[in-house]
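See structure below.
By convention in this document, chain letters (A, B, ...) are assigned in the order of the sequence lines, proteins followed by strands, and residues within each chain are numbered from 1.
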Amino acid sequence: MSHPLEGFIRALRASDVPVSVREATEAYRALEAVGYADRQFLKDALGIVMAKTHDEKLVFEACFDLYFARAELADSAAAQAARRQAQGEAAESLADMLLAGDRAALAQAMEAAGAAVGVQEIRFFTQRGYFTRRMLDAMGLREMEERIQQLRQAGEVGSTGQADALERGRAYLLGEARAYVERQHEIFARPASARLREEFLERTRLSALDERDYARMHNLVRRMAKRLAAKHSLHKKRRRRGQLDVRRTLRRNMGRDAIPFEVIWRMRKIDRPSVVAICDVSRSVAAAARFLLLFLHSLNELLRDMRAFAFSDSLIEVTEVLDEQGIDDAVRTVMRDIGYRSTDYGQALADFQAGYLEIIDRKTTVIVLGDGRSNHTEPRADILETIYRRAKRVIWLNPEPKTFWGTGDSEMPRFRPYCHLATQCATVKDLERVLDELLTVSA
Amino acid sequence: MMGSRREKFSSIDGIQAGLGSVDYIATRQIATALFLASNLQKPVLVEGPAGVGKTELARAAAQWLELPLIRLQCYEGLDESKALYEWKYGKQLLYTQLLKEKLADVMQGAKGMRQSMERLRGFGDAFFAEDFLEPRPLLKALRQDGGAVLLIDEIDKSDEEFEAFLLEILSDYQVSIPELGTIRAKVPPLVFLTSNNTREMGDALKRRCLHLYIPFPDAGLEERIVEARVPGVAQRLKRQLVAFVQGLRGQELKKQPSVSETIDWARTMLLLHAGELEPQLVRDTLNVLLKFEEDIEATLPKVRELTLRSAEAAGHGVHVASA
């Protein structure tokens with residue numbers, strides 16, 4: 001029988017707690033030092049060794065409670081089995097166990113059967129019935145059903161009573177087996193299927209998503225932003241040292257007769273990327289707008305120097321809204337204030353120029369999220385040109401495919417010359433890719 | 001020494017009692033972390049909100065175990081020379097100057113460059129001996145014969161290069177100095193790293209340590225902590241204080257009051273000879289609990305209500321004379 005810790009570590013890994021080989025070894029050593037006697041002690045100890053961030057600790061707690069739920073039963077079952085073997089009795093049949101009401105032996109038999117059919121490999125909710133049936137077969141359900149038949153056919157007084165008892169036992173067993181398989185699914189499969197759903201979401205066009213996916217999208221987008229932040233270390237970083245800084249070296253070593261014991265190098269500082277994000281929330285991009293705002297919110301949490309603007313037929317700054325309110329409230333507020341109206345790029349850009357042009361300097365990156373459709377109003381591409389000349393980079397992220405640019409009221413061809421990068425950005429994966437490139441270059 | 005140390009770490013209750021004897025109230029989780037740290041010989045990364053007792057834990061552990069506490073405060077740009085060891089350049093230079101005459105003696109009779117170099121070779125090591133070595137905290141910790149408690153404070157303030165450098169030391173508890181050879185710790189120190197989570201720590205270091213998270217305490221625990229640290233406070237006042245702070249933590253604040261603030265507040269009450277909490281008293285001393293002006297402003301209107309509620313929670317009615 002495999003070590004209980006082995007299955008538990010596998011369950012943890014399935015739930016996105018990356019227990020490394022080293023940590024697994026330490027967990028075994030910790031187990032030796034701690035023992036099984038005190039459940040809370042064991043839980044604390046294993047948590048300290050295997051869960052290394054706050055999120056992981058929460059997942060660990062849930063997983064531990066779920067996995068070691070049957071620990072007590074299994075322990076006593078193991079003890080009883082050991083005793084029985086010591087007394088030289090043969091292994092009981094399923095019927096005997098049920099008649100005797102030997103729950104401990106039943107639990108042990110169930111575990112053994114589960115391991116034999118590989119119930120921990122369960123992946124989908126729909127597999128429950130299959131695994132339940134196979135497990136019961138491994139436990140010997142068929143023989144028991146035959147015995148019930150025989151007893152009924154025998155027709156004696158005692159045997160009918162026995163048959164009834166066995167039927168009740170059978171019903172109980174079915175219930176327990178189903179519950180057991182569901183628990184295994186809960187531990188091992190649910191995280192995997194959740195991951196599958198998320199991967200699907202990542203690749204779906206933003207405009208095709210609906211309300212139900214909103215919460216999940218939030219997590220996805222938040223994680224993406226975090227990944228990017230971690231990858232590009234979005235705060236001041238000192239790069240590899242440059243040339244010798246003669247003046248400071250001499251200064252520092254005056255006390256030593258100007259002999260350069262301590263060498264000072266010129267350090268090239270990388271400034272925090274300062275980002276200005278302008279997001280279209282008008283009717284034409286209504287579906288995608290909410291998700292774009294979601295993204296903006298997550299990015300705002302990570303970038304300290306970001307200022308965010310939203311526009312439909314006029315432009316307002318939404319940085320404070322994103323800062324102060326939670327994500328749902330922020331999106332609702334922004335959409336209420338400025339969303340869903342008809343688009344007017346010209347007015348929006350004019351508002352920006354009037355109120356905020358001075359925040360753009362040669363270190364700023366400007367990201368525009370929108371479809372470029374201006375309802376046949378004057379798009380004021382000249383203002384975009386001004387921005388383009390002032391800023392470090394201008395990036396336009398358009399939810400439409402490039403073939404649609406320039407069709408109908410799309411003013412993309414006029415905006416395009418004033419963008420360092422104009423690309424389609426319809427799914428979360430696209431967003432991530434573009435931002436990754438953007439941050440790599442600016443670093 | 002090792003034997004008695006092993007005894008000290010043999011049970012959670014023992015560890016809790018030991019820390020309690022130096023006035024540090026440890027939860028079972030904290031005691032478990034220490035238990036594992038000693039038995040598995042791994043460093044402990046302690047995380048949690050500011051002021052909750054992370055640095056205190058190292059201090060208390062050192063006091064209880066009667067080991068020296070060696071502290072390394074991290075900051076961005078901290079490098080090997082400030083953390084591990086440095087040569088005493090000034091002293092070296094001074095000695096060379098003073099021994100200039102001696103140098104002439106040694107060189108006497110040597111003809112040409114090569115002979116001079118050979119004469120000098122034997123003496124080269126004299127200037128890179130123990131005398132001229134300035135050990136910094138990490139080296140000091142490794143060289144303590146009886147073991148030590150090494151506290152690496154605010155590791156999240158240092159940069160990635162330093163983390164990579166630490167990895168090596170924390171896994172083998174040894175360091176190699178080119179001129180002196182490898183220095184291995186006779187008794188591996190008990191290492192605590194604290195972090196305020198201002199940045200994401202590197203995975204390698206994080207996973208090499210045991211991870212302990214110390215959250216804000218619940219009411220019962222906080223009362224015991226106040227009792228241990230501020231012995232003179234009356235029972236009723238203590239309960240009120242703690243209930244008030246617990247209530248305050250439920251509010252929307254820029255920075256929630258931490259355990260150290262509760263302790264300071266209790267001391268303040270003691271100094272002011274206060275018998276129980278009254279709204280005016282609370283308003284006057286609110287700046288001990290809250291460190292941001294906006295938090296104080298947001299809380300002032302709620303003081304009366306919070307005081308009343310804390311009085312109820314403490315189990316006594318409070319006569320509110322005037323608002």
If you count every heavy atom of other residues, nucleotides or ligands that lies below 6.0 Å from [X] atom [atom1], does the total exceed 12?
X        : atom1 : answer
A:Arg252 : CZ    : no
B:Arg249 : CZ    : yes
B:Glu168 : CD    : no
A:Glu262 : CD    : yes
B:Arg224 : CZ    : no
B:Phe165 : CZ    : yes
B:Gln97  : CD    : yes

Please classify the contact between B:Leu40 and chain A as side chain, backbone, both or neither, with a heavy-atom cut-off of under 4.5 Å.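 Looking at B:Leu40, backbone and side chain both touch chain A.
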Within the 4.5 Å heavy-atom criterion, are B:His211 and A:Lys57 side-chain neighbours or not?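 Contact flag for B:His211/A:Lys57 side chains = yes.
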I need the contact set between residues 22-29 of chain A and chain B: heavy-atom distance under 4.5 Å, sorted by residue number.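 The residues closer than 4.5 Å to chain B, in numerical order, are A:Arg22, A:Glu23, A:Glu26, A:Arg29.
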Please answer whether the main-chain N or O of A:Gln40 pairs with a side-chain N or O of B:Arg28 as donor and acceptor at a distance below 3.5 Å.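 Such a contact is absent between B:Arg28 side chain and A:Gln40 backbone.
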So, the side chain of A:Lys52 versus the backbone of B:Cys209: is there a donor-acceptor pair under 3.5 Å, distance only?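 Yes, the answer is positive, given that a donor and an acceptor are paired below the 3.5 Å cut-off.
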How long is the gap from [atom1] on [X] to [atom2] on [Y], to the nearest 0.5 Å?
X       : Y       : atom1 : atom2 : value
B:Thr32 : A:Lys43 : OG1   : NZ    : 12.5 Å
B:Phe35 : A:Asp44 : CZ    : CG    : 12.0 Å
B:Glu47 : A:Thr53 : CD    : OG1   : 8.5 Å

Which atom pair, heavy atoms only, marks the closest approach of A:Ala45 to B:Leu36?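 So the minimum-distance heavy-atom pair works out to O-CD1, 3.5 Å.
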Under a 4.5 Å heavy-atom cut-off, does chain B meet the side chain of A:Glu56, its backbone, both or neither?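 A:Glu56 touches chain B through side-chain heavy atoms alone.
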